[in-house]
Amino acid sequence: MRSLLSYMDVAREFLVETSKNFEPRSPWKERFEAYRTFCLALKMLAYGKLLAQSDVPGFFLNLSRAAANWRQMLAQFREEGLSHQVPASMNDSLLEAIVCRQIGLASEIAEMSARELTQPEYEDEFYGAFFLQEYVRSRFGQVRDTANLQDICQRIDGYLGEQTSRTSVYRALADKDWVGFEASFKDWNELTASELSEPNAPGATFSTGITRHIWLEGLAILQLAREAGCPLRPELRPLLPEMALRPPSALPRDNPWLLGAVRLREEDV
């Protein structure tokens, strides 16, 4: 079994190579794959910082960098009329911005993200991401054309044929039902922890070896609930390290490692 430090080494290699080879004028699919690789490497590095080195500032800094890069990609694709080509369910950057308490960044990402299902994502994948986009847009954005959150939950349930702990959490968050939220979140958390306990489960990729140790969506949901007034009790939650739930220290805004603007060297990462 690989060590967490070895995943960090791979992430550093990806960061250096991707930044060195990135070509801003290449076809959009090549740029898209470069951004996906770069942002995933930043996420892997962030997780390693927290899990292997207890480096909380490093965790938030690299998550913030990943979110900033995805925002840059979405902005570029929007100018080119291509933002609808990026599946909403690939949008970890929204979660990363929320976890880093960068609500302005999260609002920008939510506003630029796809609002329709994009192949090859499944309906429940799309609507799960769409719920969080619309929640952020309705609560923090300057817009009035947001979708009905309860209707989104109904679409997920209809596709799956049942109401799940996930949509129960979404409904409770939308309604500020904090008693229901705590109970449903506990069930969803335990189910997710069980699903991620097997590193070779169907759909697992190389990066799953490190990303399965932190439940990013769960962290984001807890942060949104806290922002909305949920009196979260301190307790042990699987895959949700207490260190990652602390308010981050001030994040530097002048070093986001944006693709096309930086050529990283080994000593930089």
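Both backbone and side-chain heavy atoms feed into the values below; hydrogens, waters and symmetry mates do not.
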Would you name the heavy atoms of [X] and [Y] that are closest together and state the gap between them?
X: Leu160; Y: Thr164; answer: CD1-CG2, 3.8 Å
X: Ile152; Y: Glu134; answer: CD1-CG, 4.0 Å
X: Arg233; Y: Glu182; answer: N-OE2, 3.8 Å
X: Phe126; Y: Ser89; answer: N-CB, 4.4 Å
X: Ala172; Y: Gly180; answer: CB-C, 4.1 Å

Is there a side-chain contact between Gln133 and Met112 (heavy atoms, below 4.5 Å)? no
Flag the pair [X] and [Y] as a salt bridge only when some basic side-chain nitrogen lies within less than 4.0 angstrom of an acidic carboxylate oxygen.
X: Lys43; Y: Asp92; value: yes
X: Arg137; Y: Asp145; value: yes
X: Glu227; Y: Arg139; value: no

If you count heavy atoms of other groups shown closer than 6.0 angstrom to CD of Glu235, is the number above 12? yes
Quick check on the 6.0 Å ring-centre criterion: do [X] and [Y] meet it?
X: Trp28; Y: Phe77; answer: yes
X: Phe185; Y: Trp215; answer: yes
X: Phe38; Y: Phe22; answer: no

State whether Tyr7 and Arg2 meet the cation-pi test: NZ (Lys) or CZ (Arg) under 6.0 Å from the six-membered ring centroid, and within 45° of the perpendicular axis. yes
Between Ser168 and Gln163, do the side chains contain a donor N or O and an acceptor N or O under 3.5 Å apart? yes
